[in-house]
Amino acid sequence: MELSKNFEPQEIEKKWYSHWMNSGYFKSVPDGREAYTIVMPPPNVTGVLHMGHCLNNTIQDILIRRARMQGKNACWVPGTDHASIATEAKVVAMLRERGITKSSLSREEFLKYAWEWKEKYGGIILEQLKKMGCSLDWDRTAFTMDPDYYKSVIEIFVRLHNDGIIYRGLRMVNWDPASKTALSDEEVIFKDVDSKLYYVTYPFADGSDGGITVATTRPETILGDVAICVNPIDERYISHIGKEVLVPIINRKIKIIGDEYVTADFGTGALKVTPAHDKNDNELGKKHNLRALNTLDEEGKFTLEELEDDLINDTIISYAGVDRFALRKKIALDIEAIGGLQKIEDYKSQVGTSERTGAVIESRLSLQWFMDMKKFIATNPDIAAAVADERIKFHPQKAKNTYAHWMDNIKDWCISRQLWWGQQIPAWYDAEGRFVVAENEEKAKEMFNIQFSISNAQLKQDEDCLDTWFSSWLWPMEVFKGISNPNNADINYYYPTTTLVTGQDIIFFWVARMVMAGYAFKQTQPFKDVYFTGMVRDKQGRKMSKQLGNSPDLLLLIDQYGADAVRFGIMIASPAGNDILFDEMALEQGRNFNNKMWNAVKLLKMWSLRTTEAGQRTTEARQRTTDDGQQATTEGELWSVDSGLWSALWFEARLNEAKLEVNDMLNQFKLSEALKVIYSLIWDDFCSWYLEWVKPGFEQPIEKAVYEKTVGFFSELMELLHPFMPFVTEEIYHLLEERKDDLCTHVYAAPVQANEKILGEGALLKNIISGLRDVRNKNQIKPKETIKVHIQTVEAAVYKSIESILTKQINAEAITYVNDAVSGTITTVIGKDKFYIETEQPLNVAGQKEDLEKELAHLKGFLVSVEKKLSNEKFVANAKPEVLAIEHKKKADAEEKIKIITDSLATL
RNA sequence: GGGAGUUUAGCUCAGUUGGUUUAGAGCAUCUGCCUUACAAGCAGAGGGUCACAGGUUCGACUCCUGUAACUCCCACCA
């Protein structure tokens with residue numbers, strides 16, 4: 001079969017993904033094996049695949065594929081999240097384009113459109129994951145609004161309400177005027193903004209001169225002011241407390257009150273109190289028994305509904321329906337016109353914005369549903385403890401602190417949203433506003449009968465729906481129907497899940513709440529390890545965003561480089577928890593790596609095989625003993641045969657060593673480091689060293705035994721790499737020889753210890769080859785020009801097994817062993833041995849001298865530092881014996897080398 | 001304002017309980033090669049006062065204190 005020049009991923013990826021699917025390799029059903037479970041963090045149904053998903057899902061696929069190859073029952077569950085706010089916003093926008101407003105639709109009509117939208121676009125992201133090679137159990141695809149899932153969410157709500165943990169109350173909430181809904185504290189993101197501080201004077205109501213000046217960033221709320229507050233120990237204002245002032249424009253009389261809450265040295269030391277539009281003001285208002293006057297409607301526009309009729313004037317009427325930001329400027333101007341504005345200062349402050357819509361949050365008094373988190377956590381001490389004592393392990397560990405801190409300062413969770421897309425709150429009201437909480441209307445009626453003695457009450461369900469996270473916190477359980485059908489075979493087998501892979505940004509939103517749900521509803525942790533990914537940034541370290549246009553099109557990248565290369569590129573430099581700077585160069589590296597392996601296959605395919613008696617005998621001898629120095633018939637044959645077998649022994653040792661290392665790293669979730677080890681093992685050790693060592697001469701056959709070993713090594717390398725780069729490895733696995741099985745479900749053999757002795761010999765050989773090649777380079781010896789090498793060593797025996805490889809690798813025509821310097825040659829020292837290189841090139845004595853002197857100076861410096869240590873009595877007295885021994889050896893080695901170099905310099 | 005973290009080669013990162021030949025990779029750079037698997041390649045090389053200043057110790061990239069810069073989390077001083 002003729003192989004293409006370069007690896008061509010497109011067709012190969014399609015072929016293998018459908019083969020894996022048709023073979024049912026990703027499908028998991030409970031059996032006797034150990035389960036390895038990952039539930040995918042469900043992307044929003046509105047989502048399209050971006051770099052964050054790519055990183056996240058590549059990691060999950062690596063873990064799940066490795067588990068599968070370890071013989072575990074690997075189960076990776078896909079699915080999507082209904083994402084109430086984001087999705088509803090998209091559907092509303094889609095309707096607007098078609099000229100339909102949400103308000104013109106009934107709830108049922110709207111939901112019909114929403115479901116249509118979900119059916120059409122909701123699966124896109126999952127299809128895209130297939131392109132990346134993700135080995136998900138597609139039969140288990142779940143959605144947070146599936147009928148059973150929906151029922152479970154409602155059931156949990158009812159349960160928590162009955163336990164007194166969920167309650168309804170009038171509170172200051174975070175209001176998003178863009179989506180017209182309340183938000184939880186976690187959904188508010190504070191941003192630094194340049195704003196202005198307006199100094200506004202409120203004249204005294206009794207007509208006396210002057211007044212009191214406050215500094216405010218929000219003049220648009222002035223019409224809702226109900227008091228001015230100063231610190232009671234602030235001498236400037238003590239005498240003013242109790243006096244009345246007039247609110248500009250509306251001329252409402254309000255009192256000056258005293259409270260320690262106000263800091264005297266900020267602004268003017270006087271604070272305007274607007275209980276309807278500020279959390280702190282609201283607290284202050286409650287304390288001092290003040291009214292809350294709302295002047296902004298649900299869209300953040302001015303409303304005069306709650307204002308005193310007799311105070312309303314034409315100016316105020318002109319504000320009606322004006323947006324808060326325009327109103328701010330307008331009111332400032334109007335106050336300035338009546339001489340109430342003293343000055344405007346630039347001011348940097350922070351404003352809360354909606355995580356989903358980006359709109360500036362208003363604090364707003366509103367009747368909402370809350371969860372009493374302190375009470376909830378108190379009933380389940382494991383929720384905090386499990387992370388602290390590492391029953392649930394975070395990677396990186398530092399995330400533990402973040403979690404603990406949040407738990408310690410937890411606040412009530414606002415779970416109601418003024419949206420239609422989501423689980424509708426199961427509270428039922430009668431005309432008088434009395435309500436009960438029940439799974440359905442029928443039960444609600446029964447409860448009304450019991451609680452209020454009303455039979456067949458006319459009930460209306462709460463219009464609002466639940467926070468998306470109130471459904472996704474059940475994800476690891478409910479994807480296995482753990483709530484809707486408790487104790488079924490799946491939940492008992494797969495739960496607790498094994499590993500969760502997610503972003504640190506949702507540690508509170510999701511991770512912490514899943515831990516809570518796990519302990520509260522299933523009495524166990526939801527997962528054992530949590531791997532936090534960082535954020536994918538561009539190479540300048542900026543966040544990827546649509547506005548900056550620095551977010552690459554993932555599907556295009558897969559098209560250009562292949563899925564394996566993309567997976568390689570995103571993984572090669574991404575330690576757990578660190579942000580990764582995405583650079584397309586890394587993808588190129590991945591693509592080049594594919595080619596490298598591809599070409600290695602081509603090389604193997606070119607070789608013809610032979611079986612010699614010598615090879616046969618040597619192979620048998622090798623099997624009896626791993627010692628070197630076996631006899632064979634003719635020298636030439638021995639070398640060519642034996643060097644191949646020696647190389648194979650060396651690579652086997654190196655492979656074993658690397659396998660143990662990779663295993664260890666993966667157990668510690670050091671994925672990118674493991675990949676680096678495999679990369680270097682394949683590129684450097686296998687391709688650059690091993691294959692060059694066993695490669696037969698032009699049109700020469702290769703010993704069959706060596707060839708078979710080589711195919712075996714290559715297969716094992718593909719096994720090791722497969723979780724990271726599934727497509728190319730599967731393809732090569734099958735190209736190497738006829739197979740009955742697939743790599744995808746191949747089970748790793750247990751790793752064995754490496755042969756240290758041969759590893760040492762290999763290191764020596766590499767060292768000498770590099771050293772002599774360097775000499776060739778420095779002396780401008782042409783690659784094709786052969787050299788003669790005379791080696792002066794006390795351990796000539798060691799060189800026997802590597803001699804033929806050395807000859808080939810440095811293009812030597814002969815290697816001999818000598819006891820004295822050889823004149824007219826290039827002298828170099830590698831380790832403790834001297835090498836004399838005979839060449840046609842004119843000798844560059846000065847250059848050699850320079851090199852040797854440089855080396856000598858280095859060694860002398862080193863020796864001085866060692867001697868200094870050894871002559872230090874305290875060191876000799878305190879250091880551990882093995883440390884001391886090392887220092888002595890260092891000294892002896894350095895002295896020996898110095899002598900060797902000094903000798904060489906003398907003969908030059 | 002509180003807390004956590006980071007700072008090692010031009011860039012991205014390793015460096016395990018302080019001692020393993022006066023710090024290791026990959027990428028980039030430089031030099032030489034179109035050598036029959038691969039120029040998307042081969043061979044080789046250069047490049048670091050381990051942020052700074054002190055301290056502990058026989059010995060510090062590693063431990064302690066302080067300083068600086070950056071990052072993240074928490075907290076609505078209007």
Side-chain angles (χ1 to χ4, degrees), chain A residues 3 5-7 174 188 190 197 214-218 229 261-263 265-268 270-274 278-281 347 349-352 361 363 396 398-399 401-402 405-406 409 504-505 507-508 534-535 539 541 572-575 577-581 583 585-586 588-589 591-606 670 672-673 676-677 679-680 687-688 691-692 695 698-699 769-770 773-778 780 782-784 811 858-859 861-866 868-869 872-880 882-884 886-887 889-891 893-894 897:
Chain A
L3 294 180
K5 182 174 182 331
N6 289 325
F7 178 64
N174 307 300
V188 178
F190 284 91
L197 206 48
V214 303
T216 178
T217 53
R218 303 203 58 196
C229 189
Y261 167 72
V262 178
T263 35
D265 52 9
F266 184 88
T268 63
L271 169 75
K272 72 184 204 61
V273 184
T274 324
D278 185 282
K279 258 184 202 166
N280 292 314
D281 288 16
Y347 182 65
S349 70
Q350 286 202 309
V351 298
I361 295 300
S363 286
K398 63 180 177 185
N401 298 332
T402 316
H405 185 258
W406 186 72
N409 298 290
Q504 306 157 298
D505 51 333
I507 182 166
F508 308 134
M535 196 176 296
K539 61 178 167 184
I572 194 67
S574 98
N578 275 23
D579 285 356
I580 82 156
L581 302 190
D583 190 344
M585 295 275 274
E588 254 176 68
Q589 199 187 340
R591 181 199 58 190
N592 296 353
F593 186 32
N594 278 337
N595 268 333
K596 187 69 186 177
M597 294 186 282
W598 186 251
N599 278 293
V601 179
K602 275 164 61 183
L603 176 65
L604 262 66
K605 292 282 154 193
M606 284 171 59
K670 294 182 175 177
S672 66
E673 283 195 61
K676 278 179 196 168
V677 170
Y679 174 78
S680 163
C687 293
S688 296
L691 287 182
E692 292 298 331
K695 188 160 133 184
F698 183 55
E699 291 190 336
I769 292 172
S770 294
R773 279 172 176 170
D774 187 29
V775 170
R776 295 187 60 117
N777 251 332
K778 284 209 173 100
Q780 292 170 320
K782 292 254 155 24
K784 281 180 181 154
N811 196 17
H858 176 262
L859 281 167
F862 178 70
L863 184 62
V864 168
S865 78
V866 176
K868 214 167 112 191
K869 256 192 212 176
N872 183 329
E873 282 171 30
K874 285 184 177 171
F875 170 73
V876 179
N878 293 326
K880 281 181 276 183
E882 57 267 34
V883 173
L884 207 57
I886 289 165
E887 292 303 316
K889 180 153 174 19
K890 279 191 203 170
K891 181 171 182 257
D893 284 356
K897 281 189 199 166

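We name chains A, B, ... by the order of the sequence lines, and we start the count at 1 in each one. Heavy atoms only: backbone and side chains are in, while hydrogens, waters and symmetry mates are out.
Comparing B:U56 with B:G66, their C1' atoms sit 15 Å apart, to the nearest whole Å. Between B:U65 and B:U57, the two C1' atoms lie 16 Å apart (nearest whole Å). Taking the P atoms as reference points, B:A69 lies 16 Å from B:C52, given to the whole Å. Going from the C1' atom of B:G59 to that of B:C70 covers 32 Å, rounded to whole Å. For the C1' atom pair drawn from B:G48 and B:U22, the interatomic distance equals 13 Å after rounding to whole Å. Rounded to a whole angstrom, the distance from the P atom of B:G44 to that of B:U8 is 29 Å. Taking atom C1' in both B:U35 and B:A14, one finds a spacing of 35 Å when rounded to whole Å. Across B:A4 and B:A23, the matching P atoms stand 33 Å from one another, rounded to whole Å.
Using a 4.0 Å cut-off, some side-chain N or O of A:Ser770 falls inside it from OP1 or OP2 of B:G44. One finds a side-chain N or O of A:Tyr347 lying less than 4.0 angstrom from the OP1 or OP2 phosphate oxygen of B:A78. Residue A:Ser363 places none of its side-chain N or O atoms closer than 4.0 Å to OP1 or OP2 of B:C76. Between A:Asn592 and B:G41 there is a side-chain polar atom (N or O) within less than 4.0 angstrom of OP1 or OP2.
Residue A:Phe875 places its side chain closer to B:G19 than to any other of B:U21, B:G19, B:C74. In this structure, the nucleotide among B:U21, B:G44, B:A40 sitting nearest to the side chain of A:Arg773 is B:G44. If you check B:A78, B:C76, B:G5 against the side chain of A:Lys398, the one that comes closest is B:G5. Taking only side-chain atoms of A:Asp774, from C-beta outward, the nucleotide of B:G44, B:A37, B:A40 with the closest atom is B:G44. If you check B:A78, B:A39, B:U21 against the side chain of A:Val262, the one that comes closest is B:A78. Among B:A43, B:A78, B:C27, the nucleotide with an atom closest to any side-chain atom of A:Gln589 is B:C27. Comparing atom distances between the A:Tyr261 side chain and each of B:A78, B:A14, B:G44 picks out B:A78 as nearest. Nearest nucleotide to the side chain of A:Asn777, out of B:A43, B:A37, B:U20: B:A43. Picking from B:A40, B:U21, B:A45 the nucleotide with the shortest atom distance to the side chain of A:Arg591 gives B:A40. Comparing B:C76, B:C33, B:U36 by their nearest atom to the side chain of A:Phe698 picks out B:U36.
At the heavy-atom level, A:Cys687 lies under 4.0 Å from base atoms of the strands shown. Within the nucleic acid shown, A:Glu873 has no heavy atom closer than 4.0 Å to any nucleic acid atom. Nucleic acid contact for A:Gly352: none, since no nucleic acid atom lies under 4.0 Å from a heavy atom of the residue. Contacts of A:Ser680 with the nucleic acid, taken as non-hydrogen atoms under 4.0 Å apart, are absent. Among the protein residues, A:Ser349 comes within range of no part of the nucleic acid, since none of its heavy atoms lies under 4.0 Å from any strand. Contacts of A:Phe7 with the nucleic acid, taken as non-hydrogen atoms under 4.0 Å apart, are absent. Base contact: A:Lys596 has a heavy atom under 4.0 Å from a base atom. Across all strands shown, A:Asn6 has heavy atoms under 4.0 Å from base atoms, whether or not it also approaches the sugar-phosphate. Using a 4.0 Å heavy-atom criterion, one finds that A:Tyr679 contacts the sugar-phosphate atoms exclusively. Contacts of A:Lys5 with the nucleic acid, taken as non-hydrogen atoms under 4.0 Å apart, involve only primed sugar atoms and P, OP1 or OP2. If you check every strand for non-hydrogen atoms under 4.0 Å, A:Asn872 touches sugar and phosphate atoms only.
Closest approach of A:Thr268 to A:Val214, counting heavy atoms only: OG1-CA, 3.5 Å. Nearest heavy-atom pair, A:Lys539 versus A:Leu581, reported as atom, atom and distance to 0.1 Å: O-CD1, 4.0 Å.
One interatomic measurement links the two molecules: CD of A:Gln350 to P of B:G2, which rounds to 15 Å at whole-angstrom precision. A straight line from CD of A:Gln504 to P of B:G5 spans 14 Å, rounded to a whole angstrom. The CG atom of A:Leu884 sits 15 Å away from the P atom of B:C58 (whole-angstrom rounding). Between the CZ atom of A:Arg776 and the C1' atom of B:U35 there is a distance of 11 Å, rounded to whole Å. Between the CZ atom of A:Phe190 and the C1' atom of B:C72 there is a distance of 17 Å, given to the nearest Å. Taking atom CE on A:Met597 and atom C1' on B:A40, their separation rounds to 13 Å, with Å as the unit. In this structure, the CG atom of A:Leu581 is 17 Å from the P atom of B:C70, given to the nearest Å. Atom CG of A:Asp579 is separated from atom C1' of B:G5 by 12 Å (rounded to the nearest Å).
Using modelled atom types, one side-chain atom of A:Thr216 and one backbone atom of A:Arg218 make a donor-acceptor pair closer than 3.5 Å. Side chain of A:Asp278 to main chain of A:Thr274: no donor-acceptor pair is present (N/O by atom type, distance under 3.5 Å, no hydrogens or angles). Using a distance-only test at 3.5 Å, with no hydrogens or angles considered, no donor-acceptor pair links the side chain of A:Asp579 to the main chain of A:Gly534. Without hydrogens or angle criteria, A:Lys784 side chain to A:Asn811 main chain gives no donor-acceptor distance under 3.5 Å.
Pair check for B:G19 finds B:C58; Watson-Crick or G-U wobble, both atom distances under 3.5 Å. As the counterpart of B:C70, B:G5 is assigned, both hydrogen-bonding distances of the Watson-Crick or G-U wobble pattern falling under 3.5 Å. Partner assigned to B:A53 is B:U65, using Watson-Crick or G-U wobble distances below 3.5 angstrom. Remark: B:G48 base-pairs with no nucleotide; criterion is Watson-Crick or G-U wobble with both hydrogen-bond distances under 3.5 Å. With a cut-off of 3.5 Å on both Watson-Crick or G-U wobble distances, the partner of B:G24 is given as B:C13. Checking B:C33 for Watson-Crick or G-U wobble geometry (two distances, each under 3.5 Å) identifies B:G41 as its partner. B:C76 makes up no base pair with any nucleotide shown, lacking Watson-Crick or G-U wobble contacts both under 3.5 Å.
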### Task
Start with the C-alpha gap between A:Lys398 and A:Asn401, add the side-chain angles, then the distance that decides, and say whether side chain to side chain donor-acceptor pair (under 3.5 Å) holds.
CA-CA 6 Å; A:Lys398 63 180 177 185; A:Asn401 298 332; over 6 Å; no

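Relative ring orientation between A:Trp406 and A:Phe508 is described as parallel, the plane-to-plane angle staying below 30° on a 0-90° scale split at 30° and 60°.
In the interface, the side chain of A:Glu692 is not paired with the base of B:A43 through any donor and acceptor atom under 3.5 Å apart. In the interface, the side chain of A:Asn401 is not paired with the base of B:A4 through any donor and acceptor atom under 3.5 Å apart.
Between A:Val866 and A:Lys889 there is no side-chain heavy-atom pair separated by less than 4.5 Å.
A salt bridge is defined here as a Lys NZ or Arg NE, NH1 or NH2 lying under 4.0 Å from an Asp or Glu carboxylate O, and A:Lys890 with A:Glu887 meets this definition.
Annotation: of the two residues near RNA chain B, A:His858 and A:Thr402, the 5′-most nearest-nucleotide partner is A:His858. Place A:Lys889 and A:Ile580 on RNA chain B by their nearest nucleotides, and A:Ile580 ends up nearer the 5' end.
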